[in-house]
Amino acid sequence: MSEEGVIEPESFEEKVVWYSITYTWVFYLLGALYVLAPAIGWVLVVWIGWKAYTRTPETLPRDRIRIPFGVWVWTVAMLVMLLALIVGHIGYSLGAAQTLKSTMGWVKGWALMAVFVAIGGCLDIRPQVLYRAANRLALQTVILVPLFLVSPIAHLPGHLYVSPLQALGGPGPDFFEVQLWGREPDGGARWRFWAPWAPAAGFVANVNMILGMQDRSRGWRTCGVLSAVSICLMSASRLALINILVTPAITFALARLSRPATFLFAATLTAIGGLTAQQILDLIGVMKQRFDGARAASSRVRATLGRIAFQRWKDEAPVFGHGIVERGPHLVEYMPIGSHHTWYGLLYVKGMVGFGALGAAMVCSSVELVAKAQGSRTARAALSILITLWMYTFGENLEILVYLFWPGLILMGFAFRQPLKAVSRADAPAARLAAMRPLMEVPAAPAS
């Protein structure tokens, strides 16, 4: 496989990111992934502070710390999350011990959203290091796929062990468990790879595929796609399969809003849609029924959890929420209220304040990335990451899975530090024309 100019990490921050991604399977076998993300995140934040503190007039421009606007947006939003947490605990008299425990949960959850965006936005990490690391992980996964497929056929044990690192604290044993394969309620096999449950594996696969597709090497890009498709299929995640098809199309359209052809195409679709609106609505209804029917029990639990969370938020704690999650009734198989859905979970735990904080950060980031995506390949990739996050807010709780998809947040940070007027010559027709103009001009005849 061509290396396209071998990529190796150079600086301290590049080495931390590189080895954390490429050794994902090793950390998974140790049960250390849930511990790893907060550790590297906060270490690199301290590194940002140290570089800012030790800056001198002689410091090279690339080593100077500048905080982009997008990083400020996420930092403020996650601090508002902390405020909602504290006020919610005070309002329900949950006590100092529970408040401290929940604050530590914020440090390992919502805070990491801002932390990794800041790492990408403030540190001099080459994007290609991130892309190649994701593809190296993909190659390892492709090699392991036959073992995973054979395991249930060979009657190998699915569950192997739970790491003793669980003693450090976490949401539950699923985050420290090591397994070859899992079993569906109907008896079929389902794989979750290095994630705590199978749909989360599909989520991470989508993020890593976006990263891997930016690699300069066609061979490595192919490896990234094979790995992502394998994980999405083997995890049997409906949302993962939809996202892997829909996100590129949405990104393609949003990244070309500055082109007249986009508006012409949109006008044509609107006209066709007006003539066939009823048929389209009927088709959407049928597709939704089939989507829910593919895993009817799961869809029922998700819908019921959402209704319970929404009603209790509205009736009991509309502003700052309940402060903590609560175990649901037998009707929802004792799943925590607000789980399986970021927005319902935020309303229940952190009320309108937390809901608004995440919503504002994601809307502001969407506007900025769409604007930059008109002329920047990096911004287009970051926009794909953000679209994936939007999609998964309706199927997962982002807070609890940030320890897995953090490389995508670093990519968003890369895009935030780019100037708005950045133009990619490889993608902008006007730039290509300007580059070709000297070749097309006919030299003037020499004066006699």
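Being a predicted model, the structure only gives us computed values, none of them experimental. Values below: all heavy atoms of this structure, side chains included; hydrogens, waters and symmetry mates excluded.
Here the closest non-hydrogen pair linking W390 and V363 is CZ2-N, 4.0 Å. Counting all heavy atoms, side chain and backbone alike, E396 lies closest to T342 at O-OG1, 2.6 Å. In plain terms, the two heavy atoms of V71 and F416 that are nearest each other are N-CD1, 4.2 Å. Pairing each heavy atom of A373 with each of L383, the nearest pair is CB-CD2, 4.1 Å. Contact between L239 and G395 at its shortest, heavy atoms only, is CD2-CA, 4.1 Å. Considering every non-hydrogen atom in both A379 and S376, the closest pair reads N-OG, 3.1 Å.
The backbone N or O of E10 sits less than 3.5 Å from a side-chain atom of E14, completing a donor-acceptor pair. At least one donor-acceptor pair closer than 3.5 Å links the side chain of Q140 to the backbone N or O of T22. The backbone N or O of V129 sits nowhere less than 3.5 Å from a side-chain atom of R126 that would complete a donor-acceptor pair. At distances below 3.5 Å, at least one donor-acceptor pair connects side-chain atoms of T141 with backbone N or O atoms of L137. S163 places no side-chain N or O within donor-acceptor distance of the main-chain N or O of F176, the cut-off being under 3.5 Å. Side chain of Q374 to main chain of L254: a donor-acceptor pair is present (N/O by atom type, distance under 3.5 Å, no hydrogens or angles). With hydrogens and angles ignored, the 3.5 Å screen pairs no side-chain donor or acceptor of S20 with any backbone N or O of V17. Formation of a donor-acceptor pair under 3.5 Å by the W313 side chain with backbone atoms of P318 is found in this model. Looking only at distances, a side-chain donor or acceptor of R190 sits under 3.5 Å from a matching main-chain atom of S235. The closest donor-acceptor contact from the side chain of R417 to the backbone of G120 lies under 3.5 Å.
The line from OG1 of T24 to OH of Y19 is 14.0 Å long, rounded to the nearest 0.5 Å. For the atom pair OG1 (T247) and CD1 (I385), the distance works out to 9.0 Å, reported to the nearest 0.5 Å. In this structure, CG on L123 lies 9.0 Å from CZ on F414, to the nearest 0.5 angstrom. Taking CD1 of I21 as the start and CG of N135 as the end, the distance is 10.5 Å to the nearest 0.5 Å.
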Quick one: side chains of residues 203-213, donor-acceptor pairs under 3.5 Å with protein atoms, not counting sequence neighbours, listed by atom name and distance.
unit_1 : atom_1 : unit_2 : atom_2 : d
N206   : OD1    : N243   : ND2    : 2.8
N206   : OD1    : I244   : N      : 3.2
N206   : ND2    : G202   : O      : 2.8
N206   : ND2    : A240   : O      : 3.4

Taking distance alone, no hydrogens or angles, what donor-acceptor pairs closer than 3.5 Å link side-chain atoms of residues 106-115 to residues at least two apart or in another chain?
unit_1 : atom_1 : unit_2 : atom_2 : d
W106   : NE1    : M78    : O      : 3.0
W110   : NE1    : E399   : OE1    : 3.3

Identify each donor-acceptor pair in which a side-chain atom of residues 401-412 lies under 3.5 Å from a protein atom, sequence neighbours left out, and give them as a table.
unit_1 : atom_1 : unit_2 : atom_2 : d
W406   : NE1    : Y403   : O      : 3.4

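Ring pair W25/Y28 is perpendicular by interplanar angle, where above 60° counts as perpendicular and below 30° as parallel. Ring planes of Y23 and F27: perpendicular class, angle over 60° (limits at 30 and 60°). Using the six-membered ring where Trp is involved, F175 and Y34 have ring planes that are perpendicular, over 60° apart on the 30 and 60° scheme.
Within 6.0 Å of CZ on F394 lie more than 12 heavy atoms contributed by other residues, nucleotides or ligands. Under a cut-off of 6.0 angstrom, the local environment of CZ in F12 is crowded, with over 12 non-hydrogen atoms contributed by other residues, nucleotides or ligands. In this structure, W72 places its CH2 atom where only 12 or fewer heavy-atom neighbours from other residues, nucleotides or ligands lie under 6.0 Å away.
Using a 4.0 Å cut-off between charged side-chain N and carboxylate O, R132 and D215 make a salt bridge.
Each of H341, E316, E326 was scored for a side chain to side chain donor-acceptor pair (under 3.5 Å) with Y348, with one residue passing: E326.
W74 and S365 are linked by a side-chain donor-acceptor pair at a separation below 3.5 angstrom, with hydrogens and angles left out of the test.
Two rings, from W181 and F148, have their centers 6.0 Å or more apart.
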